[in-house]
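Both ligands and their constituent atoms are indexed starting at 1 by order of listing.
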Amino acid sequence: MTGNPRLIRIDPHDNVAVVATDGGLAAGQEIDGLVLTENVPQGHKVALTTLEKGEPVVRYGVVIGHAARPIPAGSWINEANLNMPPPPVLSELAPPLGTETDITPLEGYTFQGYRNRDGSVGTRNILAITNTVQCVSGVVGHAVDRIRREMLPRFANVDDVVALDHTYGCGVAIEAPGAAIPVRTLHNIARNPNFAGSTMVVSLGCEKLQPARLFPEIFQAPAAPGSRDGGAASLVTLQDETHVGFEAMISSILQSAEQHLTTLNTRQRETCPASDLVVGLQCGGSDAFSGVTANPALGIAADLIVRAGGTVMFSEVTEVRDGIDRLVARAATPAIARDLIREMAWYDDYLEMGLTDRSANTSPGNKKGGLSNIVEKAMGSISKSGSMPISGVVPAGERATKNGLLFAATPASDFICGTLQLAAGMNVHVFTTGRGTPYGLSEVPVIKIVTRTDLARRWHDLVDIDAGRIISAGDTLESMGMEIFKKILAVAGGEKTSAERLGLCNQLALFNPGPVT
Ligand code: CA
């Protein structure tokens with residue numbers, strides 16, 4: 001882009017445009033009939049007309065704020081001269097439009113996946129060890145190192161062994177209503193399609209989150225342990241009296257792992273239709289190009305997955321709150337609209353209890369990248385949901401039970417959103433970023449898409465797709481959307497992502513709105 005100054009306007013109603021030029025534009029620069037009155041960094045907004053104090057500032061065809069003072073044409077618009085509007089009032093939202101969307105079925109796309117007994121399909125073959133409480137984490141971590149070194153080489157079909165480590169399990173008010181979310185999250189993560197219904201549990205013994213509370217269908221059942229999904233189930237309790245010393249505990253865990261690995265090693269990839277995809281979408285470290293390149297291209301990929309009969313989840317309540325009117329309009333039924341509004345209202349109350357609101361979402365990096373406030377960020381974030389009707393809402397920690405485009409209610413925090421989408425059953429994660437983050441997960445492959453070619457160049461081995469080519473190389477949103485869709489199928493079939501090649505993974509982070517003791 002250098003040497004080729006360019007402003008990008010998204011909607012004909014917009015009275016601002018975003019500087020696309022690498023390095024930004026300097027004061028005095030003439031562009032599109034404007035003369036810049038000051039230096040404007042890349043990604044930041046320029047006033048296309050003179051705005052009086054209080055006049056709406058429009059981007060994406062949406063009012064993202066009001067001029068805090070008179071703003072001459074050619075000026076830089078940022079959080080210092082932009083007042084944020086209130087969010088849509090939930091009780092005043094219009095009902096769903098019920099318009100017919102063109103959902104032409106998309107056929108013929110497949111991937112090589114691991115079919116499970118419950119019908120779900122894994123994209124990786126992983127032994128997951130569920131910890132019921134953080135107390136066991138050091139012991140399990142030691143065991144995982146030994147399993148990787150000493151046992152995995154004998155089980156060529158198993159990709160990895162992963163401890164489902166977390167800070168929950170004791171020291172919490174386990175009967176409080178808020179506890180239901182972390183408990184069901186842990187339960188449902190263990191049922192992620194990549195683990196084949198195989199439930200290997202390590203417990204301390206005295207913790208509040210007893211195995212029978214976490215997996216009642218397995219450990220309260222009178223018959224021998226066998227998980228509800230038909231996979232093997234096992235339990236090692238560190239406080240068991242038969243354990244004399246540390247090595248005895250490790251030996252129990254290794255014996256249990258041997259049984260699970262033997263079963264997992266028999267799994268074979270088979271041809272599965274694209275309708276078996278369960279793709280979790282989120283963004284992190286967003287910038288002003290997130291809503292221009294990566295997210296709208298991902299939205300087109302999302303449409304293709306839905307048309308192929310698959311499942312797509314978008315999330316991040318604080319990043320959709322300001323566009324909830326648009327989402328409610330897309331709800332497939334009035335009941336789904338009510339579910340969306342219920343999740344927004346719950347989160348409004350949750351934030352209010354903490355004496356804050358959705359505006360706490362934006363980070364210093366977002367602002368540096370040109371996103372002045374949460375309204376502007378939300379409009380870019382929502383575009384990754386594409387254009388299909390919203391066919392369901394998944395409350396935090398619950399498992400998705402239907403196909404189509406779903407809203408999985410999660411915080412926007414990258415780690416917590418990823419953790420909750422794991423619980424919802426995603427088998428591929430797609431993550432867009434503008435500022436750059438090395439985010440990855442051990443449990444499912446994470447495809448990272450960047451918004452700018454400059455970042456793709458610098459982070460060439462850390463990311464997977466450069467959606468910045470929409471600006472830098474003239475790629476269309478449609479061709480980029482198809483490229484993303486095909487990448488998802490390839491990765492689902494075993495192609496390694498950059499994060500997998502480098503072994504980068506983040507910790508699970510549970511959403512716990514309940515009190516600790
Ligand atoms: Ca996020």
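Between Lys487 and Asp464, none of the side-chain N atoms (NZ, or NE/NH1/NH2) sits under 4.0 Å from a carboxylate O, so this pair counts as no salt bridge. Comment: Lys384 engages Glu316 in a salt bridge, judged by a side-chain N to carboxylate O separation of less than 4.0 angstrom. Salt-bridge annotation for Arg148 and Asp160: present, with a side-chain N of the basic residue lying under 4.0 Å from a carboxylate O of the acidic one.
No hydrogens or angles considered: nothing links the side chains of Arg321 and Thr318 as a donor-acceptor pair under 3.5 Å.
For Glu316, the N, O or S atom with the smallest separation from the Ca ion (ligand 1) is OE2. The atom name of the N/O/S atom in Asp414 closest to the Ca ion (ligand 1) is OD1.
Across Leu281 and Ala302, no two heavy atoms sit closer than the pair CD1-CB, 4.3 Å.
Ala412 lies close to the Ca ion (ligand 1), since one of its N, O or S atoms is found at a distance under 3.0 Å. Taking 3.0 Å as the criterion, Gln282 counts as a coordinating residue of the Ca ion (ligand 1), since one of its N, O or S atoms falls below it. For a distance bound of 3.0 Å, the N, O or S atoms of Cys283 include one lying that close to the Ca ion (ligand 1).
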